[in-house]
Undergrad: 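Take this structure first; my questions come after.
Lettering of chains follows the sequences in order, A, B, ..., and the numbering in each one begins at 1.
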Number of protein chains: 2
Amino acid sequence: MAKRKRITAQMVADRAGVSRSAVSRAFTKGSYLEESKRRRILGIAAEIGYQPNALAAGLQGGRSRLVAVIEGDIRNAHDTTLISRLCSALNANGFWPILVSGTPINGYTEALAFPLDALIVRGGSMSKDLVHRCAKLGIPMICYGRPTEELNIDSVHCKNQAGMQLATELLVSKGRQKFGFLGGPDQFYSSMKRRKGVLNALENAGLDLQAEAASDFSVDGGFTAAKTLLTGNGHIDALVCANDAMAIGALGAARALGIAIPDALSVVGFDDADMADWQITKLTTVRNPLETTVQEVLNLLVDRINNPDRECRTIRVEPQLVIRGTH
Amino acid sequence: MAKRKRITAQMVADRAGVSRSAVSRAFTKGSYLEESKRRRILGIAAEIGYQPNALAAGLQGGRSRLVAVIEGDIRNAHDTTLISRLCSALNANGFWPILVSGTPINGYTEALAFPLDALIVRGGSMSKDLVHRCAKLGIPMICYGRPTEELNIDSVHCKNQAGMQLATELLVSKGRQKFGFLGGPDQFYSSMKRRKGVLNALENAGLDLQAEAASDFSVDGGFTAAKTLLTGNGHIDALVCANDAMAIGALGAARALGIAIPDALSVVGFDDADMADWQITKLTTVRNPLETTVQEVLNLLVDRINNPDRECRTIRVEPQLVIRGTH
DNA sequence: ACGGAATGTGCACACGTGTTCAGTACGAGT
DNA sequence: ACTCGTACTGAACACGTGTGCACATTCCGT
């Protein structure tokens with residue numbers, strides 16, 4: 001073997017005694033071709049294992065069905081899950097996701113070597129250069145996790161502020177009065193908005209934020225930060241966390257300190273990640289719905305491809321309170 | 001815009017007053033081209049945003065640098081992490097991973113529409129058809145998670161049996177005598193081998209397995225199964241779990257039942273997943289090293305591309321005992 | 001001054017496909 | 001019989017690139 005010889009349409013044509021065009025037509029539905037001939041061609045193709053070369057087809061002017069998914073540096077397990085689902089959805093809709101991860105070399109513009117049908121990127125991984133080049137080349141760009149109206153780019157993101165406000169209001173309604181907030185890295189858009197949600201709810205209730213700490217969206221980070229927060233001077237009876245991982249760390253810290261949950265302390269998170277629903281966790285949280293987000297991204301993408309000149313759109317996904325056992 | 005006009009080498013050539021060949025050569029290192037001319041070309045290319053079209057280049061006979069990564073139906077969080085790392089590594093080495101996930105339609109053979117440089121697949125997601133077609137087309141196939149010598153396919157997998165045996169021996173050396181085993185789905189190759197490791201260690205120590213249950217590699221599954229196991233008739237002082245997720249579920253079950261860990265019960269897992277090292281967990285486990293696996297897969301791949309006719313190779317990755325706090 | 005090596009460049013081909021365009025065969029309508 | 005429309009087909013082109021080959025130019029040694 002070794003010779004890596006690709007099976008071409010010409011071979012099928014020779015074998016079937018037809019022209020190469022006929023073979024192409026046999027695979028293109030909506031083309032004129034005598035039914036018996038089409039069946040014979042498809043039969044021979046299956047027999048010798050012929051498949052139209054997607055590269056050549058993509059070159060041929062039309063759509064390539066290739067979509068770059070810029071993963072960037074992933075921190076959050078929830079993000080990894082989202083990407084995985086997104087790729088599945090792309091597959092199911094006949095697209096081929098090319099995953100671009102790791103640290104950016106040229107702001108991820110290397111991926112533009114392919115004639116992409118679209119490019120999907122997380123808000124945090126967008127570079128000016130990438131945006132500029134995509135616009136110039138006319139490649140649709142879909143962003144998730146952050147609004148991008150000002151850049152004239154389609155985007156999908158969860159209503160972070162409203163969601164966290166909902167969760168905080170729940171705790172207020174339970175009679176909690178001394179609130180702490182466990183945030184993520186400063187530059188994270190989502191963490192900033194979620195914090196705002198907490199402050200809004202507290203202001204509406206005439207309460208103040210008693211304590212605050214920032215960590216890195218990880219379980220361990222949450223554990224350490226919560227431990228400090230809970231052993232600090234001011235007493236706290238409610239801890240709102242900017243994501244589920246940190247909330248779970250906080251639960252561990254409370255347990256280590258002998259603080260009863262939810263009797264002495266309410267803890268809520270954000271995302272409704274897998275681990276929030278574990279029986280050993282049962283974290284009260286806010287659902288940041290993956291399926292909806294994925295579906296909306298796909299809708300935007302398909303819609304944009306069919307109608308390249310339409311106005312850009314920003315989809316705000318509705319968060320949802322998930323009542324479990326830690327509030 | 002809308003016209004999605006790709007910038008071609010010809011445009012750069014016109015602008016620079018050279019032939020199109022010169023432009024191609026400017027981007028191909030190792031080609032003869034006057035240095036000043038090369039610089040001028042690259043300058044103009046950067047200016048108008050030209051990049052060689054990877055599709056056209058791939059079509060041109062040589063390597064396409066495309067690698068299909070068959071993800072299949074992912075169950076395990078650890079698998080998702082592996083795939084993410086794998087894609088990063090492929091990126092870093094100049095390959096473009098096309099992710100194929102979801103349920104197989106034709107045994108994942110649709111991905112062969114691309115002239116792939118290679119195809120990476122998990123042991124569990126291999127179909128006879130896929131193997132056959134790849135062999136016929138001369139596309140290198142790398143498998144991970146299962147040995148595949150009999151199929152003449154390169155593969156990488158962890159020494160499941162030896163690893164679990166190591167962990168069991170650790171518990172034996174601590175004086176544990178009543179062992180339970182928490183396994184995964186029957187058809188999982190890895191679970192089977194890990195169980196064998198437990199039995200080996202016990203046999204060497206003259207001990208019997210006291211109790212056994214099978215679950216689904218998930219935290220919740222582990223929780224439920226462990227609860228049953230721990231409340232059953234036979235008393236148990238050591239619980240060996242086929243992966244970390246189930247072990248963490250088991251830890252939760254023990255806590256719920258008021259069983260002190262590690263005083264009254266030892267628990268060990270397998271994988272050394274992220275969650276095993278959480279401060280709230282500190283699970284004693286066996287490292288199934290991701291980085292090594294990824295690196296070995298990449299080595300096999302590059303080596304195979306450079307030398308298509310070499311003998312197939314099976315790499316057995318050495319597991320490593322990770323001592324933490326639950327044994 | 002002259003032959004030959006060394007260096008640099010452009011032409012043309014190949015890669016494998018989808019699709020347009022002109023053209024053939026054939027049946028039906030007048 | 002003649003025209004017209006219909007069903008079908010093959011030749012040819014375009015997509016954008018890398019590279020073999022032949023040719024042009026420069027340089028050097030004698």
Undergrad: For Leu112(A) and dG16(D), what is the distance between atoms CG and P respectively, to the nearest whole Å?
TA: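 Value for this atom pair: 16 Å.
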Undergrad: Output the rounded distance in Å from CD (Glu35(A)) to P (dC8(D)).
TA: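 Rounded to whole Å, this separation is 10 Å.
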Undergrad: Given atom CD of Gln10(B) and atom P of dA14(D), what is their separation to the nearest angstrom?
TA: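 Interatomic distance, CD of Gln10(B) to P of dA14(D): 14 Å.
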Undergrad: Grab the CZ-P distance between Arg38(B) and dT9(C) for me, whole Å please.
TA: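 It is 10 Å, rounded to the nearest whole Å.
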Undergrad: Side chain of Thr28(A) only, please: which of dG10(C), dT19(C), dG10(D) is the nearest?
TA: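 The closest nucleotide is dT19(C).
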Undergrad: Considering just the side-chain nitrogens and oxygens of Tyr50(A), establish if one lies under 4.0 Å of OP1 or OP2 belonging to dT17(C).
TA: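 Looking at the OP1 and OP2 atoms of dT17(C), one of them is under 4.0 Å from a side-chain N or O of Tyr50(A).
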Undergrad: Rounded to whole angstrom units, what separation is found between the CZ atom of Arg63(A) and the P atom of dC15(D)?
TA: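 Spelled out: CZ on Arg63(A) to P on dC15(D) is 15 Å.
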Undergrad: Whether Ser19(A) contacts dT9(D) is assessed here as follows: a side-chain N or O lying under 4.0 Å from the phosphate OP1 or OP2. Is that the case?
TA: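 No, Ser19(A) has no side-chain N/O under 4.0 Å of OP1/OP2 on dT9(D).
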Undergrad: To the nearest Å, give me how far apart CG (Asn53(A)) and C1' (dT17(D)) are.
TA: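 Atom-to-atom, Asn53(A) to dT17(D), this comes out as 14 Å.
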Undergrad: Any donor-acceptor pair under 3.5 Å between the side chain of Arg25(B) and the base of dG8(C)?
TA: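 Counting by modelled atom types and ignoring angles, no donor-acceptor contact under 3.5 Å is found here.
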Undergrad: Of Ser21(A) and Ala56(A), whose closest DNA chain D nucleotide lies nearer the 5' terminus?
TA: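 Residue closer to the 5' terminus by nearest nucleotide: Ser21(A).
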Undergrad: How far apart are the closest heavy atoms of Asn91(B) and Leu99(A), and which atoms are they?
TA: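 The answer is ND2-O, 3.1 Å.
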Undergrad: For dG16(C), take OP1 and OP2 only and decide whether either is under 4.0 Å from a side-chain N or O of Thr8(A).
TA: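 Indeed not, no polar side-chain atom of Thr8(A) lies that close.
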Undergrad: Give the minimum heavy-atom separation between Ile7(B) and Gly49(B), together with the two atoms involved.
TA: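 Heavy-atom minimum between the residues: CD1-O, 3.6 Å.
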Undergrad: Please report the distance, rounded to the nearest Å, between CD in Glu34(B) and C1' in dT25(D).
TA: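 So the CD-C1' distance, Glu34(B) to dT25(D), works out to 11 Å.
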Undergrad: Minimum heavy-atom separation for Phe27(A) and Ala45(A), please, with both atom names.
TA: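 Of all heavy-atom pairs spanning Phe27(A) and Ala45(A), the closest is CZ-CB, 3.8 Å.
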Undergrad: Closest-nucleotide mapping onto DNA chain C: is Leu59(B) or Arg20(A) further toward the 5' terminus? I mean the 5' end.
TA: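 The residue closer to the strand's 5' end, by nearest nucleotide, is Leu59(B).
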Undergrad: What's the CG-C1' distance between Asp14(A) and dG10(D), to the nearest Å?
TA: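 Those two atoms, CG and C1', are 14 Å apart.
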Undergrad: Base, sugar-phosphate or nothing for Leu33(B)? Non-hydrogen atoms, less than 4.0 Å.
TA: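 It contacts sugar-phosphate atoms only.
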Undergrad: Assign Gln60(A) to base, sugar-phosphate, or nothing according to its heavy-atom contacts below 4.0 angstrom with the strands shown.
TA: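 Counting heavy atoms under 4.0 Å across all strands, the contact made by Gln60(A) includes a base.
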Undergrad: Keeping the roles fixed (side chain from Asp117(A), backbone from Ser64(A)), state whether a donor-acceptor pair exists under 3.5 Å.
TA: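 Checking the backbone N and O of Ser64(A) against the side chain of Asp117(A), a donor-acceptor pair under 3.5 Å is found.
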Undergrad: When you measure from the centre of the six-membered ring of Phe95(B), is the NZ or CZ of Arg65(B) closer than 6.0 Å and no more than 45° off the axis?
TA: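 Yes.
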